[in-house]
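Throughout, protein chains are lettered first and strands after them, A, B, ... in sequence-line order, and every chain is numbered starting at 1.
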Amino acid sequence: MEDENSGFVENFIHTQIREDLKAGRNEGRVHTRFPPEPNGYLHIGHAKSICLNFGLAKFFDGLCNLRFDDTNPSKEEAEYVDSIKEDLRWLGFDWGEREFFASDYFEQLYAYAVQLVKDGKAYVCDLTPEETRKYRGTLQEPGRNSPYRERSAAENLDLFERMRAGEFADGSRVLRAKIDMASGNMNMRDPIIYRILRAHHHRTGDIWCIYPMYDFAHGLSDAIEGITHSICTLEFQDHRPLYDWFIEQLPVPCRPRQIEFARLNISYTVMSKRKLLQLVNDGLVDGWDDPRLPTISGLRRRGYTADSIRNFCERIGVAKRNSMVDVALLEHAVREDLNLKAPRYMAVLKPLKVIIENYPEDQIEELDAVNNPGDPTMGSRKVPFAREIYVERDDFMEDAPKKFFRLTPGREVRLRYAYYIRCERVEKDANGEVTAIYCTYDPETRGGSAPDGRKVKATLHWVAAQTAVSAEVRLYDRLFSVADPAAEKDGQSFTSLLNPDSLNRLTDCKLEPALAQVSAGVSVQFERLGYFVLDNRESLMDKLVFNRTVTLRDTWAKVAGKRGGK
RNA sequence: AGGGGCGUCGUCAAGCGGUAAGACACAGGCUUUUGAUGCCUGCAUGCGUAGGUUCGAAUCCUGCCGCCCCUGCCA
């Protein structure tokens, strides 16, 4: 099944949900949830999960909750809750009133645990962490029963209540589910369901000193919220029997089903929260919203649109196979979106002065320029032209190869929306560096076309020197120099694989005056160069900083590259 | 005494017994006042591999091979 507009593609989860619906499970409802742990910023891997969960709910006419999985107060902070909500809203998702926290259910979860204790299905274990590990066995050998496994329900209840009351030291005891220490599935070897932990919780403060573990809290929170389909990533497949076990033992109001899919990996970047946190903490990048990071806030600052990210998530599909998506697909998604939306402007990043010798000394003309050749409704603007202008250094070559169409001595080119100019001679400094080029223009070609019908091979962007606005432009490239930096090789850290050229700051860029009026966060195209966005953090009243989102496709760069450099 | 998953184009990914969708990438061509965009064309006699079942197999069965995950009081 395919919907042309959204690029919607059916996946195996749709198939499974349809089967559940057909079988009449959960009264025919579909209710999903996005369950972030507030211990880091959202990244594009989360976006895949968000699009999946909200998308499924929408497709099946159901609901999707936002639930913060905040069962480990030692790692979680309110700051992260705020950033997650902001990113979610920016991506365009609405969870209505359904904003929940696993911590909302602590009392109910405790009651469920008490029930297990009373039923003889959970016990308090006094083994130390090291002993617990030894008793657990290995992948090849079964574990051994804890010596505390056969305590009476009454004793367990007393101990568990006293755990809650704060009578015991952190880590001195845990509550464990009594399942099977010989299971081939490690998760079923009497998993811990409550631990003693005196840490300040961002919502419940200090009223609890015991906290439920993920396996216990997650599935039961799903059940409490009436979730029908609990979508998670592949590494939780082994947890599913445990997820089901808790649901089966307790009198829960709903029987959710866990379905796993493969998490997103993108080439030339890292996606794990641990690695992202390390890059931020070690100062290797400029915070969680560094434009080179795959975080939602980083992509936003880089100039990626929410539409392009959602589109990307739709195109990559959902399956169970570990894979790595080519970053080129992400770049394609944003180019496709910005090609439609971004107004065009002219900006010269590496200026080279051009003096048009036969142009009147003090004249300034206002030339018409269209804002988007593909969309007449975006209108046009005036661009000032004068005797002295800047063109891109890369657009001039003294000894040009045949395929180089741009400016070179003796050749005529078009200045976009202005005139044809011919390069007559160049000026150099003592080192032989070209410092300026002298040209003549043809007054008959005003607007950019010749009455005699003669053609030129190239059209260059330019900015009049006198009215130019100065700015800093940051050129970003992939953060890592290898496609899969997370693949450990010879024990070297992934941080040694950072691309030293991932950021190139150009501080002497010249912009057409209209660019001084754009707002932060609004994407524009610098003609022939790429899509850019005014930085939302570093631009001040008298200082403009633009971030390059992505270059335009550049066939010439490819040709030049093949010839061995430009 | 191990358990759980996964192998379809360079990269993602449809396919669910009737003869290999689509996207990105790549390569050509047309259009073009952005070497952009747009448009057109090409790109798996083949689905990890070896057998088997069948009129017919990427789809079913069996055996191999390869890759990923699991021994936190993290999620």
Residue whose nearest RNA chain B nucleotide is more 5′ - A:Met186 or A:Met181: A:Met181

Quick check on B:G72: is either OP1 or OP2 less than 4.0 Å from any side-chain nitrogen or oxygen of A:Arg136? yes

Students often get this wrong, so: under 4.0 angstrom with heavy atoms, is A:Gly374 touching a base, only sugar-phosphate, or nothing? nothing

Rounding to an integer number of Å, can you tell me how far A:Phe101 CZ sits from B:A75 C1'? 17 Å

Rounded to the nearest angstrom, tell me the gap between atom NE2 in A:His202 and atom C1' in B:A75. 14 Å

Please round to the nearest 0.5 Å and tell me the distance separating atom OH of A:Tyr194 and atom CE of A:Met163. 9.5 Å

From CA spacing to verdict: side-chain contact (heavy atoms from CB on, under 4.5 Å), A:Arg406, A:Leu460: CA-CA 8 Å; A:Arg406 286 110 96 149; A:Leu460 309 188; 3.5 Å; yes

N/O-N/O pairs, protein side and nucleotides 64-69 of chain B side, under 3.5 Å:
| from | atom 1 | to | atom 2 | distance (Å) |
| --- | --- | --- | --- | --- |
| B:C68 | O2' | A:Asn322 | ND2 | 3.0 |

To the nearest angstrom, the CG-P distance between A:Leu277 and B:C74 comes to 17 Å

Phosphate contact (B:G4 OP1 or OP2) by A:Arg240 side-chain N/O below 4.0 Å: no

Decide, applying a 5.5 Å centre-distance limit and a 30° plane-angle limit (both strict), whether A:Tyr214 stacks on B:A75. no

Nucleotide B:U71, atom C1' - distance to CG of A:Asp190 in whole Å: 14 Å

Comparing A:Ala182 and A:Leu529 on RNA chain B - which has the more 5′ nearest nucleotide: A:Ala182

Can you tell me how far C1' of B:C70 sits from CZ of A:Arg133, to the nearest Å? 16 Å

Under a 3.5 Å cut-off for both contacts, is B:A27 paired Watson-Crick or G-U wobble with anything, and if yes, with which nucleotide? B:U41

Identified pairing partner of B:C60, criterion: Watson-Crick or G-U wobble below 3.5 Å: B:G52

Below 4.0 angstrom from OP1 or OP2 of B:G35, is there any side-chain N or O of A:Arg528? yes

Once you round it to whole Å, what is the distance between P of B:A36 and CZ of A:Arg416? 13 Å

Partner of A:Trp462 under side chain to side chain contact (heavy atoms under 4.5 Å, CB included), chosen from A:Arg416, A:Glu512, A:Glu527: A:Arg416

Distance check: side-chain N/O of A:Arg198 vs OP1/OP2 of B:C73, anything under 4.0 Å? no

B:G29 to B:U11 separation - C1' atoms, rounded to the nearest Å: 25 Å

Heavy atoms from other residues, nucleotides or ligands near CZ of A:Arg263 exceed 12 (cutoff 6.0 Å): no

Output field: ring centroids A:His218/A:Tyr214 closer than 6.0 Å: yes

Whole angstrom value for the distance that separates P of B:A25 from CG of A:Leu329: 8 Å

Ring centroids only, cut at 6.0 angstrom: are A:Phe385 and A:Tyr441 within range, meaning strictly under it? no

Using only side-chain N and O atoms of A:Lys558, determine if any of them is under 4.0 Å from OP1 or OP2 of B:C26. yes

Give a yes/no on whether any side-chain N or O of A:Thr555 is located under 4.0 angstrom from OP1 or OP2 of B:A36. yes

State the pairing partner of B:G2; accept Watson-Crick or G-U wobble contacts with both distances under 3.5 Å, and report none otherwise. B:C70

Within the structure, does a side-chain N or O atom of A:His332 lie under 4.0 Å from either OP1 or OP2 of B:C24? yes

Those residues that, when tested against A:Glu260, pass salt bridge (Lys or Arg N to Asp or Glu O under 4.0 Å) (two or more places apart): A:Arg240, A:Lys320

Is there side-chain contact between A:Pro73 and A:His202, with at least one heavy-atom pair below 4.5 Å? no

Rounded to whole Å, please give me the gap between CG in A:Asn339 and C1' in B:C39. 14 Å

Using OP1 and OP2 only, check whether a side-chain N or O of A:Arg321 sits under 4.0 Å from B:A13. yes

Of the candidate nucleotides B:G35, B:A13, B:U34, which contains the atom at the shortest distance from the side chain of A:Phe405? B:G35

Scan A:Ser183 against the nucleic acid and name what it touches under 4.0 Å (heavy atoms): base, sugar-phosphate only, or nothing. base

Look at the side-chain N and O atoms of A:Thr71 and state whether any lies under 4.0 Å from the OP1 or OP2 oxygen of B:C74. no

What I want to check is whether an N or O donor and acceptor connect the side chain of A:Arg406 with the base of B:G35 at under 3.5 Å. yes

Verify whether the ring centers belonging to A:Tyr80 and A:Tyr41 lie closer than 6.0 Å. yes

Taking O4'-C1'-N9-C4 for purines and O4'-C1'-N1-C2 for pyrimidines, is B:G72 syn (within 90° of 0) or anti? syn

